[in-house]
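Remarks on the structure that follows.
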Amino acid sequence: MAIVLSRTDPTSVMASTVDERGELVGAPLALEFSALAAFVTERERAHRAAGDAAERWVWSDSSRWYGDLLTAGVRVQRCHDLRLSHAILRNSTLSAGTEFARSAPSEWSRPAEPLTAAVAPVHSALFDLSDTIASGRSAAAADDSVAEYRRQLRAIAEVPDAGRLRLLLAAESVGALIAAEMRSAGLPWRTEVHDAILTEELGPRVPYGTRPAKLEVLAGRIRSILGDNTVNPDSPQSMLKALNRAGLMITSTSRWELAEYTHPVIAPLLEYKKRARLLTANGWTWMDQWIVDGRFHPDYVPGGAATGRWATSGGGALQLPRQIRAAVTADPGWKLVVADAAQLEPRILAALSADTSMAAAGRGVDMYAGIVASGVVETRDQAKVAMLGAMYGATTGESGRLMPKLTRAYPRAIRLVEQAARAGERGELVTTWLGRSSPAPGEDWREAQWRASQPGASTAEEARARSRARDWGRFTRNFVVQGSAAEWALCWMAELRKGLLAIEGMNPQPPGRRAAASGPVFERIPHLVFFLHDEIIVHTPAEHAEEVAAVVTAAAATSGRLLFGDFPVDFPLGIATVERYSDAK
DNA sequence: AAGCGCCGCGCG
DNA sequence: AAAGCGCGCGGCGCTT
């Protein structure tokens with residue numbers, strides 16, 4: 001049984017109870033939006049009291065529905081996110097034969113509309129009237145969600161051995177819950193610490209558009225060394241010309257190219273770039289815009305990357321520089337439990353390919369050390385470079401030279417990525433462990449290949465087509481590994497969330513005692529506050545920190561078993577309980 | 001003035 | 001060092 005929630009008009013929703021096949025059970029219930037939170041709370045409570053499996057909420061888009069519920073102080077345990085599931089089922093090679101995948105694209109095939117508010121907590125994004133009018137699709141919504149759920153269940157039922165696909169849809173959906181919860185809770189952020197770092201690096205705060213003192217000094221030094229008092233270090237074009245005039249025959253002003261030359265201007269210029277980057281990316285403007293009541297509320301986008309990795313929108317949460325991580329500080333009496341999966345992708349590759357030798361090299365905490373110990377390469381650095389090269393498709397440099405050694409030691413693993421690359425070069429789709437498939441190459445890619453295959457094709461056309469084919473092959477090569485790693489990470493977080501719920505229960509605080517800063521639901525309980533591909537942060541009352549760390553560790557092991565069963569592959573974590581993010585590893 | 005592509009660089 | 005994957009973002013400078 002599940003309950004499908006759908007919007008009927010700007011102020012009401014329909015709650016339709018459905019069975020395992022998506023057929024209606026009884027009459028749908030019409031609710032005013034204001035009564036939804038209480039309804040959801042009561043259903044969650046009733047299931048807990050009865051000791052049943054949790055209610056499964058089915059809705060179009062978790063970021064909107066669940067964002068609103070969280071703002072109202074309500075958490076749920078399980079959901080089915082129709083839009084995210086739709087995308088997976090439409091594209092997966094596992095469901096390619098179903099009616100669902102072969103029918104024409106629908107409204108469901110469009111990406112979710114982005115949330116409008118810059119930061120959480122958002123006031124009802126879902127029931128924003130102007131949005132309803134603009135999208136012009138309100139009336140049929142109820143039917144539509146129930147019907148879509150039914151279509152998806154039918155599609156899954158048609159897939160033979162759909163176990164992995166079911167796990168993927170469940171993981172993707174709980175990921176969407178977690179994304180909404182993290183956005184709502186926010187990452188604890190001390191603006192005074194951040195400001196102190198900025199002042200140290202840049203000088204005292206100045207108005208937007210003016211150069212802080214330390215940058216001004218560096219800019220002056222650069223100009224005087226070059227004997228050019230108009231050059232603008234913020235403009236690559238301007239700098240490139242000035243450096244060429246000074247005799248540096250560089251073709252770009254990127255850091256690695258500059259670093260190859262010796263000239264008095266290089267040091268202050270690199271220094272300028274480093275600090276200017278801090279100012280523009282994570283300076284005072286960013287702080288004012290993104291830190292609300294001592295929390296950073298990035299907008300996570302589950303499944304935002306083709307591989308299934310999450311993306312983020314606004315705030316640049318995928319690129320929090322190490323420079324300012326000291327500002328991520330636990331509240332008084334709280335701790336941060338910071339954990340990352342060690343060498344996740346090579347371990348995933350070992351499991352995907354059932355390469356027992358490679359898995360054995362990962363028995364310890366440091367897989368690269370294990371590869372060295374097996375005598376495959378000489379140094380840890382070589383092991384790392386070779387593995388990355390294998391997964392990214394490097395052909396030149398040291399990485400390329402080490403490939404034969406890797407191929408000899410781990411033929412199964414290397415064969416898997418090579419086959420994925422060849423498939424991509426032919427324009428075919430590849431699929432992750434749980435069943436997410438790569439997008440098909442675009443129209444212009446196909447056209448380039450077609451053109452090169454014609455009798456009169458020029459050598460330039462042929463070379464171009466080959467190059468494009470190899471580009472796409474590197475993408476599909478990496479897709480299977482990166483995408484399967486993303487699935488492991490989703491399952492890790494899902495298990496972690498389950499364990500955290502068990503520590504404190506999911507009882508929201510009484511309305512009068514809500515602390516807006518940390519979101520109403522998470523005032524006293526351990527909760528996830530950050531996720532970045534293979535790394536998580538849990539914010540927890542200090543007295544629970546040890547238990548949380550144990551849950552995080554156990555969840556990683558469980559995730560490995562969920563995906564790969566008995567295959568002997570380990571997923572060790574680096575884990576630390578700290579006050580400040582910067583104190584972890 | 002707004003839109004867009006490029007550059008450069010932060011993260012995994 | 002930076003080659004080889006995936007992202008987001010701000011600033012510049014050009015076009016419309």
Side-chain angles (χ1 to χ4, degrees), chain A residues 114 208-209 211 232-241 250-261 269-270 272-283 285-286 289-290 298-325 340-346 348-349 381 384-403 417 420-421 424 430 432 438-439 467 470-486 488-489 530-536 574 581 585:
Chain A
Y208 176 80
R211 215 175 243 144
N232 175 11
D234 290 320
S235 163
Q237 290 186 30
S238 161
M239 275 311 302
L240 186 60
K241 283 180 197 150
I250 51 176
T251 58
S252 85
T253 64
S254 59
R255 200 180 42 221
W256 53 87
E257 187 163 358
L258 285 174
E260 289 173 2
Y261 291 78
L269 180 54
L270 292 180
Y272 182 92
K273 282 165 162 281
K274 177 102 185 139
R275 296 183 193 223
R277 165 79 191 183
L278 177 63
L279 174 67
T280 56
N282 299 98
T285 310
W286 180 89
Q289 189 178 353
W290 291 103
D299 184 4
Y300 294 97
V301 185
T307 56
R309 272 189 176 181
W310 291 10
T312 64
S313 155
L318 298 185
Q319 36 182 124
L320 264 193
R322 291 177 177 280
Q323 259 176 317
I324 58 167
R325 290 187 180 181
D340 73 309
Q343 304 97 35
L344 177 58
E345 293 194 354
I348 290 290
L349 173 55
D381 228 41
K384 182 174 179 175
V385 158
M387 278 306 313
L388 291 178
M391 292 184 300
Y392 294 163
T395 53
T396 61
E398 180 174 22
S399 181
R401 283 193 296 279
L402 289 167
M403 281 302 294
V417 287
V430 296
T432 61
S438 61
S467 160
R470 278 194 303 268
D471 290 347
W472 197 255
R474 284 194 302 277
F475 167 62
T476 53
R477 168 197 295 265
N478 186 247
F479 183 96
V480 292
V481 180
Q482 186 185 115
S484 301
W488 180 90
F530 193 63
F531 169 57
L532 187 57
H533 308 318
D534 61 359
E535 178 174 355
I536 57 95
Y581 188 15
K585 69 174 179 183

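Below, read A as the first sequence line, B as the second, and so on, with proteins coming before strands; counting in each chain starts at 1.
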* Asked: OP1 or OP2 of B:dC9 less than 4.0 angstrom from a side-chain nitrogen or oxygen of A:K273, does that happen here?
  -> yes

* Does a side-chain N or O from A:S252 land closer than 4.0 Å to OP1 or OP2 of B:dC7, or not? -> no

* Looking across every strand, which nucleic acid part, if any, lies under 4.0 Å from A:L318 by heavy atom: base, sugar-phosphate, or nothing? -> base

* Classify the nucleic acid contact of A:A306 as base, sugar-phosphate or nothing, counting any heavy atom under 4.0 Å across all strands shown. => sugar-phosphate

* Tell which nucleotide pairs with C:dA3, taking only Watson-Crick or G-U wobble pairs whose two distances are both under 3.5 angstrom. => none

* What distance do A:T312 atom OG1 and A:F531 atom CZ have between them, rounded to the nearest 0.5 Å? -> 12.0 Å

* To do: Tell me what A:R325 touches on the nucleic acid: a base, only sugar-phosphate, or nothing, going by heavy atoms under 4.0 Å.
  => sugar-phosphate

* Asked: Is there a side-chain contact between A:R322 and A:R325, using heavy atoms and a 4.5 Å cut-off?
  -> yes

* Could you tell me the separation between the CG atom of A:N232 and the CD atom of A:Q237, rounded to the nearest 0.5 Å? => 11.0 Å

* To do: Report yes if at least one side-chain N or O of A:R255 is closer than 4.0 Å to OP1 or OP2 of B:dG10; otherwise report no.
  => yes

* Sugar-phosphate only, base, or nothing, as touched by A:Y581 at under 4.0 Å among non-hydrogen atoms -> nothing

* **Non-hydrogen atoms of A:T253 and A:P236 that approach each other most closely** => CG2-O, 3.7 Å

* Is B:dG5 paired to anything, Watson-Crick or G-U wobble with both distances less than 3.5 Å, and if yes, which nucleotide? -> C:dC12

* Roughly how many Å is it from CG in A:L349 to P in C:dC5, rounded to a whole number? -> 17 Å

* Asked: How close or far is atom C1' of C:dA3 from atom CG of A:D471, stated in whole angstroms?
  -> 14 Å

* Start at the 5' end of DNA chain C and walk down; is the nucleotide closest to A:T307 or to A:Y208 reached first? -> A:T307

* Structure fact -> Out of C:dG6, C:dA2, B:dG12, minimum distance to the side chain of A:F475 belongs to C:dG6

* Asked: Atom CD in A:E257, atom CD1 in A:I250: separation rounded to 0.5 Å?
  -> 5.5 Å

* **N/O (side chain, A:R275) to phosphate O (OP1/OP2, B:dG10) under 4.0 Å** => no

* Asked: Does atom CG of A:D471 have more than 12 heavy-atom neighbours, drawn from other residues, nucleotides or ligands, at distances under 6.0 Å?
  -> yes

* **For A:D234, the option from A:R275, A:K273, A:R277, A:R211 that meets salt bridge (charged side-chain N to carboxylate O under 4.0 Å, His left out)** => A:R211

* To do: Starting from P on B:dG12, measure out to NZ on A:K384 and report it in whole angstrom.
  => 10 Å

* Asked: How would you label the contact of A:S399 with the nucleic acid (heavy atoms, under 4.0 Å): base, sugar-phosphate, or nothing?
  -> base

* Asked: Which of these nucleotides, B:dG12, B:dG8, C:dA2, is closest to any side-chain atom of A:D534?
  -> B:dG12

* Asked: With a 4.0 Å cut-off on heavy atoms, is A:A305 in touch with a base, just the backbone sugar-phosphate, or nothing at all?
  -> sugar-phosphate

* Asked: Taking only side-chain nitrogens and oxygens of A:R309, does any of them come within less than 4.0 Å of OP1 or OP2 of C:dG6?
  -> no

* Under 4.0 angstrom, heavy atoms only, what part of the nucleic acid is A:Q237 near: base, sugar-phosphate, or nothing? -> sugar-phosphate

* **Between C:dG6 (P) and A:R474 (CZ): distance, integer Å** => 9 Å

* **Approximate separation, where rounding is to 0.5 Å, of A:E535 CD and A:L344 CG** => 12.0 Å

* d(CG, A:L320; C1', C:dC7) in whole Å -> 14 Å

* **Which nucleotide in B:dG12, C:dG4, C:dC14 has an atom nearest any side-chain atom of A:H533** => B:dG12

* To do: Could you tell me whether the phosphate oxygens of C:dG13, OP1 or OP2, come under 4.0 Å of any side-chain nitrogen or oxygen in A:S235?
  => yes

* To do: Answer with base, sugar-phosphate or nothing: what part of the nucleic acid does A:G316 contact at a heavy-atom distance below 4.0 Å?
  => sugar-phosphate

* Asked: For A:E535 and B:dC11, what is the distance between atoms CD and C1' respectively, to the nearest whole Å?
  -> 9 Å

* In whole angstrom, what separates A:L258's CG from C:dA2's P? -> 10 Å

* Structure fact -> Side-chain atoms of A:E260 come closest, of C:dC5, C:dG10, C:dA2, to C:dA2

* Closest to the A:N478 side chain: C:dC5, C:dC7, B:dG12? -> C:dC5

* To do: Please figure out whether A:Q482 or A:G315 has its closest DNA chain C nucleotide nearer the 5' end.
  => A:Q482

* Asked: Quick one: A:L388 CG to C:dG4 C1', roughly how many Å, whole number?
  -> 9 Å

* To do: Taking only the side-chain heavy atoms of A:R322 (C-beta and beyond), determine which of C:dG11, B:dC11, C:dG8 contains the nearest atom.
  => B:dC11

* Assign A:V481 to base, sugar-phosphate, or nothing according to its heavy-atom contacts below 4.0 angstrom with the strands shown. => nothing

* For A:Y261 and C:dA1, is the shortest distance between a side-chain N/O and OP1 or OP2 below 4.0 Å? -> no

